[in-house]
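Written out below as structure tokens is the structure these notes cover.
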There are 2 protein chains.
Amino acid sequence: MKFQKNKKYLNRIYSGDAVKVMQQFPDGSVDLIVTSPPYADRRKKQYGGPPPEEYVEWFLPFSREFYRILKPKGSVVLNIKENAIRGERHTYVLELIIAMRKEGWLWVEDYIWHKKNAFPGKWSNRFRDAWEHCLHFTKRKDFNMYQDSVKVKIGDWADGRLKSLGVNDKKRSMSKTNSGFGRQLTNWVGKRKVYPSNVLHLSTISANKNHCAVFPETLPAWFIKLFTRKGNVVLDPFIGSGTTAIAAIKAKRNFIGVDFSKLYSKIANSAVKETIKSIQKTRK
Amino acid sequence: MKFQKNKKYLNRIYSGDAVKVMQQFPDGSVDLIVTSPPYADRRKKQYGGPPPEEYVEWFLPFSREFYRILKPKGSVVLNIKENAIRGERHTYVLELIIAMRKEGWLWVEDYIWHKKNAFPGKWSNRFRDAWEHCLHFTKRKDFNMYQDSVKVKIGDWADGRLKSLGVNDKKRSMSKTNSGFGRQLTNWVGKRKVYPSNVLHLSTISANKNHCAVFPETLPAWFIKLFTRKGNVVLDPFIGSGTTAIAAIKAKRNFIGVDFSKLYSKIANSAVKETIKSIQKTRK
DNA sequence: GTTCCGCATGAATCGATAG
DNA sequence: ACTATCGATTCATGCGGAA
């Protein structure tokens, strides 16, 4: 496999070590890296997920290649969660954030994925784990963010609240706490959509029945809409069953997928082909 | 103020430095410490909330007294959030977790408080911040946890939310959550109550009240039910307007409250008296 | 009593401007 | 160059009074 100038390297699933695959891509060629790296001690067979003590050292070679191939205004989103080990949450995620900042990354935000239908189970010392991090890293403060593309329907409160406005609603009313905060409700009349928060409520249903995806398609789809535009390049170095690539295709972005396992890159590949086929069918 | 053997030191609000107040309590005398310490650079007037770089050093003297006065099977719950500084989330919360583990604490869990009515605002690089940590620390693996006391009705579980919320709230949530969890639902048929997850959905309240609370009463109430029994001792060393004490009283636990500010300890005190009075009225 | 409606409030954050 | 202050932006809730 060689890097080709005519961009034939795009929209493909590679199998192999993601570091080596990424080394073949030029500097600043990717707009968004969104991925769910193997968690410590999980999915050992597939990726050789390292023990938690070695997790940071294991991950840094990946993050260094991320830094090189990411465009200056691009973003990295890591879906990850500290698992419970010997009765405690392990600290490798915290240590990873600190280590990546030392290497030059900006840790802009910690989006929370609230898993509405988290896996059931019962333990004596904890409840079901219903959330995961989506860590947002960038190279620069002025990264690309297209907030309008992920607006959501305004809350039901608006229907009642905005029907009739009082006197104070029509003028700007300043908060008393010196926060400098005020409101002008006239701005809200007719508004149907608002910006979301940093908490994402998504279910863990995976479209692919044969092979469970670690995250639902809606998760990468959301970040793809938020941080890229049509025709941009989205990379997932641990693509698994292909979810990120499918989300990218549906959003008309270019994708690059890598998976260590030959089996999984095959699965991802056929999932990709399936998606393209069904899109072409719809167009007819 | 002196420590007295007949336990007159319980069910009181103290004003002063919490470290010094705690030094007067005996070893292993508290079942639960649940508190919201001042965040970095916030509430400077009230507590002298330290700059983020000094946060860990500032907090460790408190955590050491916590360790001494906490019963072996007791718990500590810290409600805290890293704020955004110069375009990044600051790492002082991560560093605090790592530092407390080095001092012997077990970091058992990171409960997430999802703030449904997060502070509004718009920025080019992030959305509204709608969640906070509730860090759970213990001294031992076999700490006390009374899971049955916080079971929720099966319908409420669908959205992962707690009971005791407004009516509007339930209407809204039901309409939104029709997707996703149908598959698992069959497992739960016949069960009336189920265990919650580690994500708590609560609104901040403070509208039209004399004093503002940093967290809603339901937050400490939940952890009090989960980690203590009737007659146990609950401490909040940064009690503010008294929310934790009120939750403890209503749950028939003993409380100790401390606040650096004389004004706030007065406010907390009168809130406590008000609560006791209204409970006695109900009994008649 | 119950529902409806007015309204004030909140651990916010960034960029520009001033000292 | 570095810090301090200021203005701009924004969503959902519960309380309390009215219908």
Side-chain angles (χ1 to χ4, degrees), chain A residues 108-109 141-142 145 147 151-188 191-199, chain B residues 35-47 49 51-52 55 78-90 92-93 113-134 164-173 201-219 238 240-241 243:
Chain A
V108 175
E109 183 58 299
K141 281 188 186 180
D142 60 333
M145 190 177 193
Q147 301 191 349
K151 274 190 163 179
V152 294
K153 187 180 167 293
I154 197 166
D156 295 346
W157 62 273
D159 287 334
R161 175 77 181 85
L162 299 175
K163 238 183 282 176
S164 60
L165 296 177
V167 187
N168 284 328
D169 289 338
K170 283 171 187 161
K171 64 173 194 236
R172 184 163 185 85
S173 148
M174 295 307 290
S175 173
K176 281 176 187 168
T177 51
N178 294 333
S179 68
F181 214 87
R183 71 179 193 288
Q184 183 147 26
L185 269 174
T186 44
N187 293 345
W188 293 75
K191 213 186 236 195
R192 302 311 315 160
K193 293 202 157 194
V194 296
Y195 297 104
S197 77
N198 61 356
V199 176
Chain B
T35 191
S36 193
Y39 303 175
D41 276 342
R42 293 288 151 81
R43 307 227 158 171
K44 272 187 187 166
K45 284 172 195 166
Q46 192 182 340
Y47 294 108
Y55 196 86
L78 300 181
N79 164 230
I80 195 165
K81 172 70 188 191
E82 46 269 271
N83 31 351
I85 291 170
R86 288 184 292 275
E88 286 187 273
R89 289 278 161 211
H90 201 276
Y92 70 88
V93 174
W113 170 24
H114 166 45
K115 296 195 279 190
K116 292 188 296 179
N117 57 343
F119 210 100
K122 187 188 181 310
W123 309 276
S124 61
N125 57 347
R126 66 184 66 251
F127 289 132
R128 290 175 305 129
D129 187 13
W131 67 273
E132 300 193 4
H133 300 274
C134 295
S164 78
L165 296 178
V167 186
N168 289 338
D169 200 70
K170 280 184 182 165
K171 263 190 249 163
R172 229 193 319 281
S173 69
H201 301 261
L202 301 171
S203 305
T204 59
I205 49 122
S206 56
N208 301 333
K209 284 203 173 177
N210 302 332
H211 47 81
C212 61
V214 294
F215 48 51
E217 197 182 305
T218 36
L219 189 75
F238 306 98
S241 55
T243 316

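Here is the naming used below: chain letters follow the sequence lines, and residue numbers restart at 1 for every chain.
- Minimum atom distance to the side chain of B:S124 is reached by C:dC14, of the listed C:dC14, C:dG10, C:dA11.
- Of the N and O atoms on the side chains of B:N83 and B:Y92, at least one donor lies less than 3.5 Å from an acceptor on the other residue.
- For B:F119, whose side chain is taken as the heavy atoms from C-beta onward, the closest listed nucleotide among C:dA12, D:dT13, C:dA11 is C:dA12.
- Ranking C:dT13, C:dA11, D:dG14 by closeness to the B:Y39 side chain, first place goes to C:dA11.
- Taken together, the paired segments of DNA chain C that extend over three or more consecutive Watson-Crick or G-U pairs, each closer than 3.5 Å at both contacts, are C:2-10 with D:11-19, C:12-19 with D:2-9.
- For B:P120, whose side chain is taken as the heavy atoms from C-beta onward, the closest listed nucleotide among C:dT13, D:dT13, C:dG10 is C:dG10.
- For the pairing with B:K115, the side chain to side chain contact (heavy atoms under 4.5 Å, CB included) check across B:R128, B:K81, B:E132 returns one residue only, B:E132.
- Taking side-chain N and O atoms only, B:N117 has no distance below 4.0 Å to OP1 or OP2 of D:dG14.
- As a whole-Å value, the separation of B:R126 CZ from D:dA8 C1' is 17 Å.
- Of the side-chain N and O atoms in B:R89, one or more sit less than 4.0 angstrom from OP1 or OP2 of C:dT13.
- No side-chain donor-acceptor contact under 3.5 Å links B:E82 and B:Y55.
- The side chain of B:W123 lies closest to C:dC14, out of D:dA12, C:dC14, C:dA11.
- The nearest whole Å value for the distance from the CG atom in B:L202 to the P atom in D:dA12 is 17 Å.
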